[in-house]
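Below you'll find the structure, written out as structure tokens, and then a few comments.
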2 protein chains.
Amino acid sequence: MGRPRQFNEEHAVQAACRTFWAKGFDGTSTEDLCQATGLPRSSLYNTFHSKEHLFRRALSHYVSTMTARQGAILDTQGANGLERIRSLLAAIVDDEAANRQSGQSGCFTVNTITTIAARNPAIARLVEADLHKRLASLRLAVMDGRLDGSIAADRDPDAAAWYVTSLISGIRIAGQAGADREALEGIAAVGVQALTP
Amino acid sequence: MGRPRQFNEEHAVQAACRTFWAKGFDGTSTEDLCQATGLPRSSLYNTFHSKEHLFRRALSHYVSTMTARQGAILDTQGANGLERIRSLLAAIVDDEAANRQSGQSGCFTVNTITTIAARNPAIARLVEADLHKRLASLRLAVMDGRLDGSIAADRDPDAAAWYVTSLISGIRIAGQAGADREALEGIAAVGVQALTP
DNA sequence: CAGGTTTTGTACCGAATGGAACAAAACTGG
DNA sequence: CCAGTTTTGTTCCATTCGGTACAAAACCTG
């Protein structure tokens, strides 16, 4: 009952996500959010309660989308462990090369870590929970790779999983710093050799 | 002539650097800067003209200090190319492990890239100029390593230099994300194997 | 259609923001 | 010791900030 919503909540979250991603938490004003979502302040506050709540919704949306994509690539059947990780890195490079042209760049999660994670425990927990999920699926891919021989057997799965997430962060930073597609592909190509026997 | 300064400009820049590093450009208020430097607003504005000018001074101070350190490690005599890069990574890990305890964490340059570089050309140029310096000294170390046999001869020096900078960024992000010293050392240990023959 | 409930539109609020104004203070060169 | 110059202390300002108040609007249930 009550007056029905005149907007789609998920669409609003996505618009907010793009804005926070591009401008950061501190750099985004509530006015920016109104404009990005096309909603009046009253609707935003009625639905999301505060700027920080909306940020958490936006970040949750981002991490779940991205981590699902990563999981899908890493769970691909018929490819060995190394090939799956190589595909993941290629997808990241594609992303970042595309972002370069659209102006949107880098990784929302990484941006969040470098700015507000230290100041906001709730956001830090969100990021950390996602990190562990990503580490877990990477660890599985590494263990698969060790069994199928595509990844050196002496690589510790934990260390290798951490390594790949760090490499991904590094690639996205490089993209934001102005590296072109060729440079990003070079980074991935060199980086993947840390895993081969 | 005129009334003499009652403070040391470099000290003020360093204090501002720590503050911007920890809280970011948008998250730092001019009041924060007054408190960190111990200066009244009038002195800050008289000397540094604006928040953005002070930020540039702070960032310049940071990158020149850090890049000089990196250069010193990479120019160490008596070590082969790979050993020098390994030392650099070890220094980064030490830094980040120490930062973890002091609360200060991550890399000011990386934080800047993820937040304001896209919105401010002057700051972006500052970061990019520094990046090229770091890439150049890494490229030299890689070429040395190829000659002395510590680095695989088929690694492209450009790609390898980009790779190491990305790996460094990734390690710092991991540190900010909560990785402990052991995890960071693991990342560096795996990462360095991308360069070995 | 009446009563209850939720959303929407508009107006507004106190606080904090980056920065300017300006006079007093502290120096130097003549 | 005076004129000129720079720094310092205080006060103030316009704007923007995140958020609230409240009534009108639009629905559902009975």
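This one's a predicted model, so the numbers in the text were calculated from it and none came from an experiment. Hydrogens, waters and symmetry mates are skipped; everything else that's a heavy atom, side chains included, is used. Sequence lines set the chain letters: A, B, ... in the order given, protein chains first and strands last, and positions in each chain run from 1.
To the nearest angstrom, P of dG9(C) lies 10 Å from CZ of Phe7(A). Here the C1' atom of nucleotide dT5(C) and the CZ atom of Arg5(A) are 13 Å apart, to the nearest Å. Atom CG of Asn8(B) is separated from atom C1' of dT7(D) by 15 Å (rounded to the nearest Å). Regarding Tyr45(A), its OH atom lies at a distance of 11 Å from the P atom of dC17(D), rounded to whole Å. Distance CD (Gln35(A)) to C1' (dT16(D)): 15 Å, rounded to an integer number of Å. Taking atom CG of residue Asp26(B) and atom P of nucleotide dG18(D), one finds them 11 Å apart after rounding to whole Å. Rounded to an integer number of Å, the gap from CG of Leu39(A) to P of dT7(C) is 12 Å. Atom CG in Leu33(B) sits about 17 Å away from atom P in dA16(C), given to the nearest Å.
Within residues 46-58 of chain A, the residues approaching DNA chain D are Ser50(A), Lys51(A), by heavy-atom distance under 4.0 Å.
Phe48(A) is listed as a side-chain neighbour of Val13(A), based on a closest heavy-atom distance under 4.5 Å. Using a 4.5 Å heavy-atom threshold, the side chains of Tyr45(B) and Thr30(B) count as touching.
Closest approach of Ser137(A) to Leu74(A), counting heavy atoms only: OG-CD1, 3.6 Å.
Taking five base pairs at each end of the helix from dC1(C)-dG30(D) to dG30(C)-dC1(D), the local helix axes there meet at an angle of 10°, rounded to 10°.
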Exercise. When you look at Arg41(B) and Leu33(B), which way does the side chain to side chain contact (heavy atoms under 4.5 Å, CB included) test go after all the steps?
Worked result: CA-CA 9 Å; Arg41(B) 310 168 69 69; Leu33(B) 295 168; over 6 Å; no

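Between Phe108(A) and Trp21(A), the ring-plane angle classifies as parallel under the 30° and 60° cut-offs. Aromatic ring pairs are classed by plane angle as parallel below 30°, tilted from 30° to 60° and perpendicular above 60°; the pair Phe25(A) and Phe20(A) is parallel.
Applying the 3.5 Å distance criterion, the base of dG9(D) shares no donor-acceptor pair with the side chain of Arg41(B).
Looking at Asp130(A) and Thr67(A), their side chains do bring a donor and an acceptor atom within 3.5 Å of each other. No hydrogens or angles considered: nothing links the side chains of Ser43(A) and Asn46(A) as a donor-acceptor pair under 3.5 Å.
Contact annotation for Ser29(A): backbone-only contact, meaning every heavy-atom pair under 4.0 Å involves sugar-phosphate atoms and none involves a base. Here Thr30(A) lies in heavy-atom contact (under 4.0 Å) with a base.
Only one option out of Thr115(A), Asn111(A), Thr114(A) pairs with Asn111(B) in a side chain to side chain contact (heavy atoms under 4.5 Å, CB included); it is Thr114(A).
The distance from atom CD1 of Ile92(B) to atom CG of Asp94(B), rounded to the nearest 0.5 Å, is 9.5 Å.
Here the side chain of Tyr163(B) pairs no donor or acceptor atom with the backbone of Asp158(B) at under 3.5 angstrom. Between the side chain of Ser150(A) and the main chain of Arg146(A), no donor-acceptor pair closer than 3.5 Å is present.
Of the listed nucleotides (dT20(D), dT17(C), dT8(D)), dT17(C) has the atom at the smallest distance from the side chain of Glu31(B).
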Problem set entry | Summary of protein contacts for nucleotides 21-30 of chain C, nucleotide by nucleotide, where a base hit scores B, a sugar-phosphate-only hit scores S (4.0 Å, heavy atoms) | ----BBBS--

